[in-house]
Amino acid sequence: MSPIEPEGVPGRSTTRRWRTVRLRTLLIWLAVVPTVAMGTQVTVSADRLLEQSAQLRDDVEAAERIGAPLYTLMVDMQAERTATAAQWAGTEGAEGELRVRRAATDSAAAEFGGLADDPSRSFTEVTRQLEKLAAYRQRADTRSGGADSTLAYYSEVIGKVIQVYQQEFSHAEDAELAQASRPVVSMLQATEMVAREDTVLALAGPSGELTFVGYDQFVSSLGAQRYLHEALIVPHLTARDERFYERVVGSEDWQEKTRIENAVLSGHTDTVSGIKLPGEVSGWSSAHANFSVQMTTLNIDLARSVLARGEAKAAQLQAEVAWLIAGSGAGLLAVVIVVVFTTRSVLRRLRELHERTVTVAEETLPDVVARLQRGQTVDPEALPAVSGDRDEVGRISDAFARAVAVSVDGHRRLAAERHGFGLFASGIASRTGNLVSRQLSLTEDLQDTFGHDEALLAQLMRSDQLTVGMRRQIENLLILAGGEVPDPHTEPMRVADLLREAAAEVEDFRRIERQALDETSVEPSAISQISHLLAELLDNATRFSPPRSKVVIRAELVADGLTVEIEDRGPRVSPERYEEMNGRLHQAPPYSVLAQNAHRLGLFVVGHLADQLGATVTLRRSVYGGTCAVVVLPAELLLPTRGETPPEPARHEPVVPAPAAEPEPDTAAADTVADAPAPSDPGGPVPAGDREPGPVAHTSAGLPSRRTKTPRPAPAAAPAAVAAVRQAATAAPARPALPERVPQTHLADQLRAPHAPETQVPQDTATPEEVADAWADYEQGTQTVEEELRRDQP
């Protein structure tokens with residue numbers, strides 16, 4: 001697949017990357033994202049609450065620091081304004097009162113100026129207006145300009161002071177504090193309206209007359225202060241402040257104030273120049289001096305109440321922040337704990353599911369399949385069952401259990417079909433084997449009857465040898481089909497006789513050289529299987545090695561039992577090819593593999609027999625360049641030979657060479673055999689104490705009997721057959737002579753000393769019939785090798 005994403009399929013690589021993210025990481029992200037969001041929200045909320053609490057504390061601290069001097073400044077400015085109006089009206093003693101009020105105002109202004117040093121606050125307007133105080137005082141003293149403009153300056157300064165209260169201490173960001181601070185500002189405005197009434201009445205002076213503008217100011221101030229008391233002060237007072245307010249408005253001085261105001265409204269007299277006030281206004285000064293003190297006390301209590309609420313609110317906000325942080329921390333901790341436990345629970349269940357799946361896939365299912373292939377029953381409890389869980393992991397487990405059940409059912413059907421086919425093939429092989437056995441019996445009877453005719457006897461031996469090969473192929477089919485090879489042996493057999501019996505099964509047995517020990521015997525129950533195994537390896541070695549070369553089979557005792565080596569001198573085989581062939585020796589193939597290797601099933605048969613015997617078979621390169629098959633038989637199959645003399649040296653039987661051309665050196669070597677399932681071991685072992693090596697049975701003509709699968713020696717050759725072979729060899733075209741090595745040609749002088757005479761080599765006693773058979777075997781072997789090599793070439 002190209003690493004470049006194809007056009008028109010955007011996002012596929014991103015989706016694939018997301019699918020590869022571990023489930024643990026996804027669960028952690030699932031917990032981290034809301035946790036971070038929640039933490040961010042808590043942080044923002046806590047920061048806002050802390051900022052609001054700090055603002056409240058700053059306001060309370062500023063109110064405690066600036067509020068009292070500012071209120072004092074407002075009261076002193078109101079008193080100075082009234083004194084200025086009295087002086088302007090020519091009231092007796094007004095100048096002395098004015099000097100006193102100016103001194104008080106200067107003291108309050110100086111104290112306020114020393115405290116109001118914060119440029120971020122709204123104290124700047126008040127400070128700027130106070131800078132004009134000296135000029136307006138001079139105008140008042142010189143009576144330059146009008147009285148209304150001079151008194152309006154004082155009203156403007158007092159308005160700025162009330163505006164500072166309204167801006168700095170109203171706490172508009174907090175509804176509760178804003179509601180509590182509203183009566184304070186309204187009381188200050190109402191006090192200012194009463195002070196303006198006092199200033200207007202003082203401006204009337206001893207004459208008791210007001211201009212129309214002055215009367216309008218009085219009426220406006222009266223209406224405003226009554227509205228403020230009724231609409232904005234009384235409804236918002238607390239129970240304690242309301243009781244205090246009721247005591248103030250219920251006092252005699254406040255009642256006197258109310259009567260004077262009503263008298264001015266209803267008892268005044270209009271004149272040409274203005275309004276003539278009634279005589280009741282004479283009692284205003286004393287009443288105002290008394291109830292103004294009470295109103296100042298009420299204003300201070302209301303301001304202190306608001307400051308106390310602000311302080312409590314700031315502390316409450318800090319407590320809320322602490323609870324918010326604590327609650328959020330507890331919530332985050334709970335989320336983390338839940339996520340950890342949930343993640344561990346999910347991952348634990350997934351890990352258990354993975355372990356069960358791996359166990360079923362690597363242990364249970366292969367064991368079940370192996371049992372089914374062996375024809376054994378399977379316990380349903382060994383397979384995963386459907387639990388019926390409704391969660392996701394349970395549904396995955398149930399789906400896997402159903403998949404395993406379907407797979408096991410399929411293998412059960414395949415095993416049943418294979419077993420049925422094996423029974424079918426085994427039945428055919430058994431019936432065919434019976435016919436071959438009858439044919440061998442008939443051949444032996446003919447050998448007994450016509451054994452005096454050497455030419456006919458040689459042909460009968462040839463037919464007998466081919467029939468034996470047919471029987472071995474039928475037994476191969478029986479073994480691969482799962483049947484049992486009949487074993488006629490009831491007594492132990494010496495290893496030398498066993499090797500002779502195995503060599504007799506091979507068509508080209510004359511090329512086989514045996515080297516064996518006689519002091520070791522083999523269990524009767526394993527003789528046929530071992531003989532068949534060695535015969536297959538010997539047949540493989542003779543067919544895939546040069547016709548004139550010999551094949552050596554030797555047996556030796558080792559620590560693990562008995563080792564049998566079969567060595568040929570065939571073409572070289574690559575290490576990969578050896579690995580492939582050794583693999584066929586250690587695994588049972590399906591029928592599909594057997595069908596693909598129907599022309600070379602020997603190694604499958606060998607591997608099956610080795611597994612049945614508990615033996616090991618290994619193919620490797622020989623020192624001569626050919627192939628060496630090493631068979632290690634377990635010690636449990638061996639018995640010591642009783643009543644025998646010490647073993648003689650290894651026997652070397654002569655081989656009759658046949659003149660023929662060797663196959664090409666680059667052809668493939670032993671590649672003939674394939675694997676298959678093995679039959680069960682026939683019969684149980686015979687006790688060691690009752691076993692003796694049995695004699696080799698012979699026919700009445702002196703030939704070994706095929707019925708017991710024992711080797712038979714070659715018969716005596718007839719002179720007529722030898723003459724026929726020599727005549728055929730003479731008629732054959734002559735081949736160029738090959739260079740021969742002359743002994744001792746390049747020998748050193750020191751080594752040319754006389755030596756002991758060598759033992760005379762016995763003359764070859766091969767009969768003409770044997771030579772003819774060897775020549776025919778050579779031709780057939782050459783054709784077989786060429787056919788196999790052509791078949792193996794790609």
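Predicted, not measured: the structure shown is a model, and the values here were computed from it.
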So ring pair (Phe, Tyr, Trp, His ring centres under 6.0 Å) across residues 63-91, not counting sequence neighbours, yields none
Salt bridge (charged side-chain N to carboxylate O under 4.0 Å, His left out) with Arg247: which residues, sequence neighbours excluded?
none
For Asp106, side-chain hydrogen bond (donor to acceptor under 3.5 Å, both in side chains) partners two or more places apart
Arg137
With sequence neighbours excluded, what pairs up with Glu256 under the side chain to side chain contact (heavy atoms under 4.5 Å, CB included) test?
Arg259, Ile260, Ala287
Answer whether the closest heavy-atom distance between the side chains of Phe218 and Ile275 falls below 4.5 Å.
no
Looking at residues at least two apart in the chain, or sitting in another chain, which of them share a salt bridge (charged side-chain N to carboxylate O under 4.0 Å, His left out) with Arg304?
none
Below 3.5 Å, can you tabulate the donor-acceptor pairs from side chains in residues 338-345 to any protein atom, sequence neighbours excluded?
unit_1 : atom_1 : unit_2 : atom_2 : d
Thr342 : OG1    : Val338 : O      : 2.6
Thr343 : OG1    : Val339 : O      : 2.6

Flag the pair Pro206 / Thr91 as yes when at least one side-chain heavy-atom distance between them is below 4.5 Å, and no otherwise.
yes
Report the residues that fulfil side-chain hydrogen bond (donor to acceptor under 3.5 Å, both in side chains) with Arg196, sequence neighbours left out, ordered by chain and then residue number.
Glu192
Test side chain to side chain donor-acceptor pair (under 3.5 Å) on Thr199 and Arg81; report intermediate values, then the result.
CA-CA 7 Å; Thr199 301; Arg81 181 181 58 187; 3.1 Å; yes
Residues which pass salt bridge (charged side-chain N to carboxylate O under 4.0 Å, His left out) with Asp148, listed by chain and number, not counting sequence neighbours
none
For Asp270, all residues meeting salt bridge (charged side-chain N to carboxylate O under 4.0 Å, His left out), sequence neighbours excluded
none
Close side-chain approach of Arg101 to Met77, heavy-atom, < 4.5 Å:
no
Result block: side-chain N/O donor-acceptor pairs under 3.5 angstrom for residues 350-361, not counting sequence neighbours:
unit_1 : atom_1 : unit_2 : atom_2 : d
Glu352 : OE2    : Arg348 : NH1    : 3.4
Thr357 : OG1    : Leu353 : O      : 2.6
Thr359 : OG1    : Glu355 : O      : 2.8

Residues which pass side chain to side chain contact (heavy atoms under 4.5 Å, CB included) with Glu95, listed by chain and number, not counting sequence neighbours
Gln87, Arg99
Could you name each residue pair satisfying ring pair (Phe, Tyr, Trp, His ring centres under 6.0 Å) that touches residues 242-272, not counting sequence neighbours?
Tyr215-His268, His229-Tyr245, His229-Trp254, Trp254-Phe291
